[in-house]
Colleague: 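Structure below; questions to follow.
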Amino acid sequence: MKIAIVAIQGNVEEHISAAKKALKEMGLPGEVLPVRHSGTIPTCDAIILPGGESTTLGRLMAREGIDVEIKEAAAAGKPIMGTCAGLVLLAKDGGDQARRTGQHLLGLMDISVDRNAFGGQRESFEVPLKVSILDSPYNAIFIRAPVITGVKPGIEVLASFDKYIVAAKQGNVIALAFHPELTEDFRIHRYFFELVK
Ligand code: GLN
């Protein structure tokens, strides 16, 4: 199994390490490849879009031609997981901020998002979260997190916090507002890699 981690900017090392540990836990042989340029994604079985700065990530993915490759992979049914800024990039509607700035989005999920939704002193926090695909709470770490403010039919809501949706799935595409790479609990990664098998 070959896993691509978009490695242009953001939480890249943490994602590489988490993906490797999760594969090991599952006893799956696999390669985890950091991707900075076009050419690699078409050879991979699944793609992870890390957190970071979604405006920068979107712009640089487009410049490198990685955006097109990710869209093709999604169309081919390959599993894709976006976390935090990655969630923003997966959305069809990036909210007012994205519209105002003409932000590059992949638009792979029928969701509307609001960037930096928790703002101010609640910028970063940790909370035990009920996630529908897991049998016990997951300690979710939110860092200047976006939220999902609207979903269209076809979206499966995986988790909510406060009045917001913070995790969702559409086909083989998963969006998380929090950071699964920052804990040692790899259940979400494992669920994601199961989609590849
Ligand atoms: N606030 C960032 C953005 O919208 C995301 C933050 C993160 O990925 N930790 O781009």
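All figures in this text were calculated on a predicted structure; none of them were measured in a lab.
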Colleague: Minimum heavy-atom separation for Val12 to Gln9, with atom names?
Modeller: CG2-O, 3.8 Å
Colleague: Could you pull out the closest heavy-atom pair between Gly94 and Leu105, with the gap in Å?
Modeller: N-CD1, 3.5 Å
Colleague: Between Lys78 (side chain only) and Pro42 (backbone N and O only), is there a donor and an acceptor less than 3.5 Å apart?
Modeller: yes
Colleague: Between OH of Tyr191 and CG of Leu134, what distance do you get to the nearest 0.5 Å?
Modeller: 9.5 Å
Colleague: Which other residues end up in the same hydrophobic cluster as Phe186, if Ile, Leu, Val, Met, Phe, Trp and Tyr are linked when side-chain heavy atoms come under 4.5 Å apart?
Modeller: none
Colleague: How long is the span from the CD1 atom in Ile41 to the CD1 atom in Ile70, to the nearest 0.5 Å?
Modeller: 4.0 Å
Colleague: Could you check Ile148 against Ile155 for side chain to side chain contact (heavy atoms under 4.5 Å, CB included), going step by step and ending with a plain yes or no?
Modeller: CA-CA 11 Å; Ile148 299 173; Ile155 298 284; over 6 Å; no
Colleague: Scan residues 129-154 for pairs that pass ring-ring contact (aromatic ring centres under 6.0 Å, His included), counting only residues two or more places apart or in two chains.
Modeller: Phe118-Phe142, Phe125-Phe142, Tyr138-Phe178, Phe142-Phe161, Phe142-Phe178
Colleague: Tell me whether Asp114 contacts the main-chain N or O of Val147 through its side chain, where contact means a donor paired with an acceptor under 3.5 Å.
Modeller: no
Colleague: Answer yes or no: is there a donor N or O on one side and an acceptor on the other, between the side chain of Glu181 and the main chain of Ser17, under 3.5 Å?
Modeller: no
Colleague: Just so I know, are the side chains of Glu126 and Thr183 near enough to count as touching, which here means a heavy-atom distance under 4.5 Å?
Modeller: no
Colleague: Measure the shortest side-chain to side-chain distance between His189 and His15 over non-hydrogen atoms and say whether it is less than 4.5 angstrom.
Modeller: yes
Colleague: Is Ile143 close to Asn11 at the side-chain level, that is, under 4.5 Å between some pair of heavy atoms?
Modeller: no
Colleague: Where the side chain of Asp185 meets the backbone of Arg187, is there a donor-acceptor pair that is under 3.5 Å apart?
Modeller: yes
Colleague: Quick one: are Glu14 and Pro50 in side-chain contact, heavy atoms under 4.5 Å?
Modeller: no
Colleague: When rounded to the nearest 0.5 angstrom, what distance separates CG in Leu158 from CD1 in Ile165?
Modeller: 10.0 Å
Colleague: Lys169 versus Leu195: any side-chain heavy-atom pair under 4.5 Å?
Modeller: yes
Colleague: Which heavy atom in Ala74 sits nearest to a heavy atom in Ile80, and how many Å separate them?
Modeller: CB-CD1, 3.6 Å
Colleague: Name each donor-acceptor pair under 3.5 Å that joins a side chain in residues 84-92 to protein atoms two or more places apart or in another chain, with its distance.
Modeller:
from  : atom 1 : to     : atom 2 : distance (Å)
Lys92 : NZ     : Asp110 : OD1    : 2.8

Colleague: Please name all residues satisfying salt bridge (charged side-chain N to carboxylate O under 4.0 Å, His left out) with Lys2, sequence neighbours left out, ordered by chain then number.
Modeller: none
Colleague: Check residues 57-67 and write down every donor-acceptor pair under 3.5 Å in which the side-chain atom is one partner and the other belongs to a residue at least two apart or another chain.
Modeller:
from  : atom 1 : to    : atom 2 : distance (Å)
Glu64 : OE1    : His37 : ND1    : 2.9

Colleague: According to the salt bridge (Lys or Arg N to Asp or Glu O under 4.0 Å) rule, which pairs have a member within residues 41-53, sequence neighbours left out?
Modeller: Glu53-Arg115
Colleague: Tell me, do Met26 and Glu194 make a side-chain contact under 4.5 Å, heavy atoms counted?
Modeller: yes
Colleague: Is there a donor-acceptor pair under 3.5 Å between the side chain of Thr149 and the backbone N or O of Ser112?
Modeller: yes
Colleague: I need the minimum non-hydrogen distance between Ala19 and Phe193, along with the two atoms involved.
Modeller: O-CE1, 3.7 Å
Colleague: Using the rule given for side chain to side chain contact (heavy atoms under 4.5 Å, CB included), can you reason through Glu69 versus Ile47, listing the C-alpha separation, both sets of side-chain angles and the distance that settles it, and then say yes or no?
Modeller: CA-CA 10 Å; Glu69 292 183 341; Ile47 302 156; over 6 Å; no
